[in-house]
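We name chains A, B, ... by the order of the sequence lines, and we start the count at 1 in each one.
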Amino acid sequence: MTDYNKPARVRFAPSPTGHMHLGGARTALYNYLFARRTGGKFILRIEDTDQKRYVPEAEQEILDGLNWLGLELDEGPGVGGDYGPYRQTERREAYREHAQLLVDKGYAFPCFCTPERLARVREEQQRKKENPHYDGTCRKLGPDEAARRAANGEKYVIRFKVPKDGSTTAHDLLRGDIVIENRNVDDYVILKSDGLPTYHLAAMVDDHLMQITHVIRGLEWQSTFPLHVMIIRAFGWEEPVWVHLSVFRKPEGKGKMSKRDTSEAAKGDHSIFIKDLKELGYIPEGILNWIALMGWGVPEDDVMTLDQMVERFELDKLTASPAAINFQKLDHFNGTHIRLLPDPELAARIKPFFVEAGYSVKDDVLIKIVPLIRERLVTLDDCIPFAGFFFKDVVEPNPDELIAKGLDAKRSAAIARKTYEILSALPDLTHQTTEPPMRAYVEQSGLSANQVFGILRVATTGQKVSPPLFESVEIIGKEKSLERLKKAIEILEGM
RNA sequence: GCCCCCAUCGUCUAGUGGCCCAGGACGAAGCCCUCUCAAGGCUUAAACUGGAGUUCGAAUCUCCAUGGGGGCACCA
């Protein structure tokens, strides 16, 4: 049973090879939640041992992503901590030493096989419908010969020497014991010929040195999980608790979500990349709540802030089965959390979207429109179509839309004139002063509120759909509202 | 092909042998509210993959089948 009173040390260990995506964010989130829940530490480690796939901007994007999401780090690159450095390329000596230690103890061996030969062997095995695996050539090399060839300048890697017989039992918190026959585990390379380790060695060494207590990682590691356990046992170290998270499936429910599959994932108004989601107007609260619940279920009250998730989080309640991404649900959570934001906060969040769209934002106006549009926003950038007109000098209504439903241009013009008459007679246009006389007009004219208000709406806001009419007119102001009404009358009369 | 894992409404999930003719959420449908669009309230439809066991009793345990997923690199 998981002890939530014992501070855990957990890590999020991405490789800087591309954009931060939903899967990574969820792994980070679960690690964060568990760290906070136990009063432990949330650590970031950059796994940059593959120089071929290295993307320089990726590390910053990860940092930005975590920061934006609000997953605060306790240790990591740029943050510091007692177990650094937190970038694997800065720890190569540790890996080299540990690889040598395994060789000395007989748990690993140098391998001089060329990639070309290995490729041929693999081809041959596949042709014979055999399981592709290392054929063991250098396993039998004596230490003297190995030393001689190495001294000769021959390139070599170090492979883990997996026992030929027996089986290995590895324990996953969510799945229980996983038993695998050792003959099904390959002699994996743990140190590459460039002197850098592969994941298998690097992660195990670091997790041990960094005193990681719980390894919460993606399912892609499940197949090499027994290998990792063997490595740890070879060193004689204590094992962390292992948790392999399910993968995200594509919205169609088929296949794994892939960050390479951008055309599929990033189309439309959604994306699997955190930085895209930010630009699309999604807020951290919404995203976090959404991904938290893909792989973790709560009985009820599923709308949660980060802090509430921390309170409720239970590691062993995570789900072992894969989850299909459902962007509709993201929209729901995003809208829900937007509605939970206090006025000034929401104002601050939508402001950049107005600015980005080219509007000059007046803060006093901004704070007034927030209550009007809050429950209409699914994403922050929805504020543009809903409330852009508040910051426009002139609006240009579509003439056809000025004509009320069931009426013609002439009739609509008459209504607009009457509306102008009513409004211009008022000292100022607050929603309290404008609504009663307009309602009275609707009443005695026999028209519907829809028809009369519709004309006013299109005239003053320039659009058929808008925030509540009289509140909007109030914010637009008397002068500008009447000006716009007048222009609408002219348009209608010219039809 | 081989190894490993998973399996409750369309989707995310609750459920750890009786509380389940299976609960919540998204989505869908309907109604209410209503100046548009939303939000909100109420209601409805919708699932234990199949087959064998174990048991007085199974969504819950076991086995098999089927389906789905992950992996099979000097990538992580």
Side-chain angles (χ1 to χ4, degrees), chain A residues 13-17 47-50 52-53 88 111 113-115 118-119 122 125-126 128-133 155-159 170 172 174-175 178-181 183-186 188-194 196-200 202-203 217-226 244 246-247 249 251 253-256 290 293-303 317 319-333 335-336 339 373-378 382 385-386 435 438-439 442 448-454 456-458 461 463-470:
Chain A
S15 61
T17 52
E47 311 232 325
D48 56 351
T49 56
D50 185 352
K52 294 185 221 70
R53 295 202 306 152
Q88 290 187 325
C111 169
C113 299
T114 63
L118 259 16
R122 204 169 11 248
Q125 288 167 338
Q126 274 165 354
K128 287 201 261 178
K129 301 237 186 260
E130 280 174 21
N131 224 5
H133 63 281
K155 284 210 157 204
Y156 66 97
V157 302
I158 290 179
R159 288 178 183 274
D172 177 279
L174 305 179
R175 296 154 229 270
I178 292 170
V179 184
I180 189 166
E181 299 299 319
R183 62 182 153 78
N184 288 323
V185 181
D186 208 352
Y188 281 91
V189 171
I190 56 173
L191 196 76
K192 300 182 273 190
S193 59
D194 63 3
L196 284 168
T198 60
Y199 174 91
H200 312 303
R217 52 158 28 174
L219 190 78
E220 63 269 27
W221 296 115
Q222 202 215 26
S223 60
T224 41
F225 175 29
H244 292 92
S246 62
V247 291
R249 280 158 46 230
K254 294 262 183 186
K256 180 194 178 188
W290 176 55
L293 261 14
M294 287 194 285
W296 173 37
V298 294
E300 249 149 276
D301 301 322
D302 60 359
V303 174
K317 283 291 173 67
T319 314
S321 50
I325 290 173
N326 180 190
F327 285 116
Q328 284 180 317
K329 204 156 185 171
L330 168 59
D331 286 345
H332 166 257
F333 278 118
T336 301
R339 268 170 256 134
I373 61 172
R374 172 189 282 107
E375 58 250 30
R376 277 158 253 267
L377 303 180
V378 170
D382 285 341
F386 270 116
E435 188 161 354
M438 286 302 292
R439 291 248 177 232
V442 167
S448 71
N450 214 323
Q451 292 172 313
V452 176
F453 296 174
L456 214 209
R457 180 190 316 283
V458 176
T461 69
Q463 48 202 52
K464 285 186 84 162
V465 174
S466 81
L469 222 210
F470 301 105

Peer 1: Could you give the distance separating B:A46 and B:C5 at their C1' atoms, to the nearest angstrom?
Peer 2: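 About 29 Å, rounded to a whole number of Å.
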
Peer 1: Starting from P on B:C72, measure out to NZ on A:Lys129 and report it in whole angstrom.
Peer 2: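 Rounded to the whole Å, the gap is 19 Å.
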
Peer 1: For A:Arg439 and A:Ala449, work out which heavy atoms get closest and say how close.
Peer 2: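 Shortest heavy-atom separation between A:Arg439 and A:Ala449 comes out as NH1-CB, 4.2 Å.
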
Peer 1: Among B:U11, B:C74, B:C6, which nucleotide has an atom closest to any side-chain atom of A:Ser193?
Peer 2: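 Minimum distance to the A:Ser193 side chain belongs to B:C74.
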
Peer 1: It should be established whether A:Lys52 places a side-chain nitrogen or oxygen under 4.0 Å from OP1 or OP2 of nucleotide B:C75.
Peer 2: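 Checking A:Lys52 against B:C75: at least one side-chain N or O falls below 4.0 Å of OP1 or OP2.
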
Peer 1: For nucleotides B:G30 and B:A38, find the distance between their P atoms and express it as a whole number of Å.
Peer 2: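 Roughly 14 Å separates the two P atoms.
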
Peer 1: Quick check: do A:Trp290 and A:Ile325 have side-chain heavy atoms less than 4.5 Å from each other?
Peer 2: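 Side-chain contact under 4.5 Å: yes.
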
Peer 1: Within the 4.5 Å heavy-atom criterion, are A:Arg376 and A:Pro468 side-chain neighbours or not?
Peer 2: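 SC-SC contact between A:Arg376 and A:Pro468 confirmed.
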
Peer 1: Round to a whole Å and report the spacing from CG of A:Asp301 to C1' of B:G24.
Peer 2: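 Distance, rounded to whole Å: 9 Å.
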
Peer 1: Report the base-pairing partner of B:A14 (Watson-Crick or G-U wobble, both distances below 3.5 angstrom), or none.
Peer 2: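 No nucleotide pairs with B:A14.
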
Peer 1: Provide the distance between the two P atoms, one in B:U49 and one in B:G10, to the nearest whole Å.
Peer 2: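 Pairwise P distance, B:U49 against B:G10, rounds to 11 Å.
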
Peer 1: In whole angstrom, give me the gap between the P atoms of B:A22 and B:U60.
Peer 2: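 Going atom to atom, P in each nucleotide, I get 16 Å.
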
Peer 1: The side chain of A:Arg53 lies closest to which of these nucleotides: B:C12, B:C5, B:A76?
Peer 2: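 It is B:A76.
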
Peer 1: Which of the following nucleotides, B:C6, B:G24, B:C2, is nearest to the side chain of A:Asn131?
Peer 2: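 Looking only at heavy atoms from C-beta outward on A:Asn131, the closest nucleotide is B:C2.
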
Peer 1: State, with a plain yes or no, whether a side-chain heavy atom of A:Thr224 is found less than 4.5 Å away from one of A:Tyr199.
Peer 2: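 A:Thr224 does not reach A:Tyr199 side chain to side chain.
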
Peer 1: What's the closest nucleotide to the side chain of A:Gln222 if the choices are B:C4, B:C75, B:U13?
Peer 2: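 The listed nucleotide nearest to A:Gln222's side chain is B:C4.
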
Peer 1: Once you apply a heavy-atom cut-off of 4.0 Å, does A:Ser246 come out as touching a base, just sugar-phosphate, or nothing?
Peer 2: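 The answer is nothing, as A:Ser246 stays clear of every strand by at least 4.0 Å.
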
Peer 1: Among the nucleotides B:G70, B:A76, B:C74, which one has an atom lying closest to any side-chain atom of A:Trp221?
Peer 2: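 Selected nucleotide: B:A76.
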
Peer 1: Nearest whole angstrom, please: distance from the C1' of B:C75 to the OH of A:Tyr199.
Peer 2: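 Interatomic distance, OH of A:Tyr199 to C1' of B:C75: 12 Å.
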
Peer 1: Side-chain contact test, heavy atoms from C-beta onward, threshold under 4.5 Å: evaluate it for A:Lys464 versus A:Val458 and give yes or no.
Peer 2: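 A side-chain contact under 4.5 Å exists here.
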
Peer 1: The side chain of A:Ile180 is closest to which nucleotide in this list: B:A73, B:C4, B:A76?
Peer 2: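 Nucleotide nearest to A:Ile180's side chain: B:C4.
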
Peer 1: Starting at the 5' end of RNA chain B, which residue's closest nucleotide do you reach first, A:Leu293 or A:Lys155?
Peer 2: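 Counting from the 5' end, the first nearest nucleotide belongs to A:Leu293.
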
Peer 1: Assign A:Val189 to base, sugar-phosphate, or nothing according to its heavy-atom contacts below 4.0 angstrom with the strands shown.
Peer 2: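 Sugar-phosphate, backbone atoms only, no base.
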
Peer 1: Atom CZ of A:Phe225 and atom P of B:C6: how far apart are they, to the nearest Å?
Peer 2: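 Result: 12 Å.
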
Peer 1: Picking from B:C2, B:A76, B:C74, which would you name as closest to the side chain of A:His200?
Peer 2: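 Nearest nucleotide to the side chain: B:A76.
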
Peer 1: What are the two closest non-hydrogen atoms of A:Arg53 and A:Thr17, and how far apart are they?
Peer 2: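 For A:Arg53 and A:Thr17, the tightest heavy-atom pair comes out as O-CG2, 3.4 Å.
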
Peer 1: Considering only heavy atoms from C-beta outward, does the side chain of A:Ser246 approach that of A:Leu219 to under 4.5 Å?
Peer 2: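 Result no, sub-4.5 Å side-chain heavy-atom pair not found.
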
Peer 1: Just how far, in rounded Å, is P of B:U11 from CD1 of A:Ile325?
Peer 2: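 So the two atoms are 15 Å apart, to the nearest Å.
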
Peer 1: Please state the C1' separation for the pair B:G17 and B:C32 - nearest whole angstrom.
Peer 2: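 43 Å, rounded to whole Å.
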
Peer 1: Indicate whether OP1 or OP2 belonging to B:C6 is found under 4.0 Å from a side-chain N or O atom of A:Arg175.
Peer 2: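 Result: no.
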
Peer 1: Looking at every strand, decide which applies to A:Gly218 at a 4.0 Å heavy-atom threshold: base, sugar-phosphate, or nothing.
Peer 2: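 The residue A:Gly218 makes no contact with any strand.
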
Peer 1: Can you check the distance between B:U66 and B:C75, where both ends of the measurement are the C1' atom (answer in whole Å)?
Peer 2: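 B:U66 and B:C75 have their C1' atoms separated by 34 Å.
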
Peer 1: Would you indicate what A:Pro197 reaches in the nucleic acid, counting non-hydrogen atoms under 4.0 angstrom: base, sugar-phosphate, or nothing?
Peer 2: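 It contacts sugar-phosphate atoms only.
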
Peer 1: Compare side-chain N and O positions of A:Ser321 against OP1 and OP2 of B:G69 and report whether any pair is under 4.0 Å apart.
Peer 2: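 False: A:Ser321 side-chain N/O out of range (4.0 Å or more) of B:G69 OP1/OP2.
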
Peer 1: B:G15 phosphate, OP1 or OP2: any side-chain N/O from A:Lys317 under 4.0 angstrom?
Peer 2: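 True: A:Lys317 side-chain N/O within range (under 4.0 Å) of B:G15 OP1/OP2.
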
Peer 1: Please state the C1' separation for the pair B:C6 and B:C12 - nearest whole angstrom.
Peer 2: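 My reading of the C1' atoms in B:C6 and B:C12 gives 16 Å.
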
Peer 1: Between A:Ile158 (CD1) and B:C74 (C1'), how many Å, whole number?
Peer 2: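 Nearest whole value for this atom pair: 12 Å.
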
Peer 1: Mind calculating the distance between CZ (A:Arg249) and C1' (B:C6) to the nearest angstrom?
Peer 2: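 About 10 Å, once rounded to whole Å.
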
Peer 1: In Watson-Crick or G-U wobble terms, both distances under 3.5 Å, what is the partner of B:C20?
Peer 2: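 Across all strands, not a single nucleotide pairs with B:C20.
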
Peer 1: Decide yes or no for A:Leu456 and A:Leu469: does some side-chain heavy atom of the first lie under 4.5 Å from some side-chain heavy atom of the second?
Peer 2: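 Contact flag for A:Leu456/A:Leu469 side chains = yes.
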
Peer 1: Given the P atoms of B:A39 and B:G27, what is the spacing between them in whole Å?
Peer 2: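 Per the computed distance, 8 Å lies between those P atoms.
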
Peer 1: Quickly work out the A:Lys192 NZ to B:C75 P distance and round it to whole Å.
Peer 2: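 Computing the A:Lys192:NZ to B:C75:P distance gives 4 Å.
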
Peer 1: What string of B, S and - do you get for nucleotides 27-42 of chain B, 5' to 3', when a contact is any protein heavy atom under 4.0 Å?
Peer 2: S-------BBBBSS--

Peer 1: Counting C-beta onward and ignoring hydrogens, is there a side-chain heavy-atom pair between A:Ile178 and A:Phe225 closer than 4.5 Å?
Peer 2: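 Sidechains of A:Phe225 and A:Ile178: in contact.
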
Peer 1: For B:C35, what is the paired nucleotide under Watson-Crick or G-U wobble rules, both distances under 3.5 Å?
Peer 2: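 Matched B:C35 with nothing under the 3.5 Å cut-off.
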
Peer 1: Report the nucleotide, chosen from B:U11, B:G24, B:A73, that has the shortest atom-to-atom distance to any side-chain atom of A:Glu300.
Peer 2: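 Minimum distance to the A:Glu300 side chain belongs to B:G24.
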
Peer 1: Out of the candidates A:Arg217, A:Glu220, A:Gln222, only one should pair with A:His244 under the side chain to side chain donor-acceptor pair (under 3.5 Å) rule; please name it.
Peer 2: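 Among the candidates, only A:Arg217 passes.
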
Peer 1: Taking any strand in view, what nucleotide pairs with B:C2 in a Watson-Crick or G-U wobble way, both distances under 3.5 Å?
Peer 2: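 B:G71 - that is the nucleotide pairing with B:C2, both distances being under 3.5 Å.
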
